[in-house]
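See below for the structure under consideration.
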Amino acid sequence: QVQLVESGGGLVQAGGSLRLSCAASGRIFSTSAMGWFRQAPGKAREFVAAINWRGGIEYADSVKGRFTISRDNAKNTVYLQMNSLKPEDTAVYYCAADLRYGSSSRHEYGWNYWGQGTQVTVSS
């Protein structure tokens, strides 16, 4: 019923920028929370950022000050602006939507829907 379509991944040099987009379609309320996770080869999926329907925001310490999450409720779209990229930011980035009531946004098991992932590669 719900589909998340991501775009914006690619290859960039260290210090550069990328903007990821995730558009939600189907039967989902505009009040749904949305967020971003990432997973590097051989590592667990980790929290990056999340935003709720009122604009409340959380960031992982590793990206705070460099990444910015935002959303356009009219378009059911969430964005992740990534600046000052580092090689350690290289990962597959996943969009998530619809955080279950009472769940922490930082835990992957609290989210109902996921995008297919988009590759971000940062070269030295």
Side-chain angles (χ1 to χ4, degrees):
Q1 281 283 289
V2 175
Q3 184 179 14
L4 305 179
V5 180
E6 301 170 318
S7 61
L11 175 64
V12 66
Q13 291 185 345
S17 299
L18 285 173
R19 186 185 68 181
L20 305 183
S21 300
C22 174
S25 62
R27 194 162 61 88
I28 187 169
F29 295 111
S30 61
T31 54
S32 173
M34 301 186 75
W36 293 94
F37 286 71
R38 67 187 183 185
Q39 187 168 23
K43 295 185 177 181
R45 189 172 299 186
E46 67 172 346
F47 172 78
V48 176
I51 184 168
N52 67 22
W53 69 277
R54 300 187 65 171
I57 292 172
E58 296 183 41
Y59 292 106
D61 290 340
S62 59
V63 306
K64 195 172 298 182
R66 299 188 298 121
F67 292 8
T68 302
I69 188 171
S70 62
R71 69 186 297 169
D72 186 334
N73 289 334
K75 297 180 179 179
N76 288 326
T77 300
V78 64
Y79 305 94
L80 186 68
Q81 178 67 46
M82 304 184 294
N83 298 327
S84 301
L85 283 163
K86 306 173 181 179
E88 50 263 45
D89 294 318
T90 295
V92 177
Y93 283 70
Y94 296 92
C95 176
D98 195 17
L99 184 67
R100 289 192 288 274
Y101 182 81
S103 299
S104 171
S105 62
R106 298 173 180 267
H107 200 293
E108 63 178 310
Y109 300 112
W111 298 88
N112 282 325
Y113 304 106
W114 294 88
Q116 79 287 348
T118 184
Q119 177 70 49
V120 172
T121 302
V122 184
S123 62
S124 301

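Computed from a predicted model, the values in this text were never measured in an experiment.
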### Task
Output the distance between atom NZ (Lys64) and atom CD (Glu58), rounded to the nearest 0.5 Å.
9.0 Å
### Message
Any donor-acceptor pair under 3.5 Å linking the side-chain atoms of Thr77 with those of Asp72?
### Response
no
#### Entry: Non-hydrogen side-chain atoms of Ser105 and Phe47 separated by less than 4.5 Å
yes
### Task
For residues Phe37 and Glu46, determine if any side-chain heavy atom of one lies less than 4.5 Å from a side-chain heavy atom of the other.
no
#### Entry: Point-to-point distance, once rounded to the nearest 0.5 Å, from CH2 of Trp111 to CG of Leu99
5.0 Å
### Query
Can you check whether Gln81's main-chain N or O pairs, donor with acceptor, with Thr68's side chain at less than 3.5 Å?
no
### Query
Does Leu80 reach the side chain of Arg19, with side-chain heavy atoms less than 4.5 Å apart?
no
#### Entry: Distance (rounded to the nearest 0.5 Å) between Asn73 CG and Ser32 OG
10.0 Å
### Query
Between Ser62 (side chain) and Ala60 (backbone), is there a donor-acceptor pair under 3.5 Å?
no
### Task
With Arg71 as the cation and Tyr79 as the aromatic partner, state whether NZ or CZ is under 6.0 Å from the six-membered ring centre and within 45° of the axis.
no
### Task
Decide yes or no for Ser25 and Val5: does some side-chain heavy atom of the first lie under 4.5 Å from some side-chain heavy atom of the second?
no
### Task
For the pair Arg106 (side chain) and Tyr59 (backbone), establish whether a donor and an acceptor sit closer than 3.5 Å, ignoring hydrogens and angles.
yes
### Message
Can you confirm whether Cys22 sits close enough to Met34 that some side-chain heavy atom of one is under 4.5 Å from a side-chain heavy atom of the other?
### Response
yes
### Query
Quick one: does Thr118's side chain get under 4.5 Å of Val92's, heavy atoms only?
no
### Query
Between the main-chain N or O of Thr121 and the side-chain N or O of Thr90, is there a donor-acceptor pair closer than 3.5 Å?
no
### Message
What I'd like to find out is whether the side chain of Ile69 reaches to under 4.5 Å of the side chain of Trp36, using heavy atoms alone.
### Response
yes
### Task
Answer yes or no: is there a donor N or O on one side and an acceptor on the other, between the side chain of Glu6 and the main chain of Gly117, under 3.5 Å?
yes
### Message
When you measure from the side chain of Arg38 to the backbone of Ala91, do you find a donor-acceptor pair of N or O atoms at a distance under 3.5 Å?
### Response
no
### Query
Do NZ/NE/NH1/NH2 and the carboxylate oxygens of Asp89 and Lys86 come within less than 4.0 Å?
no
### Query
Looking at side-chain heavy atoms only, is the closest gap between Val120 and Leu18 below 4.5 Å?
yes
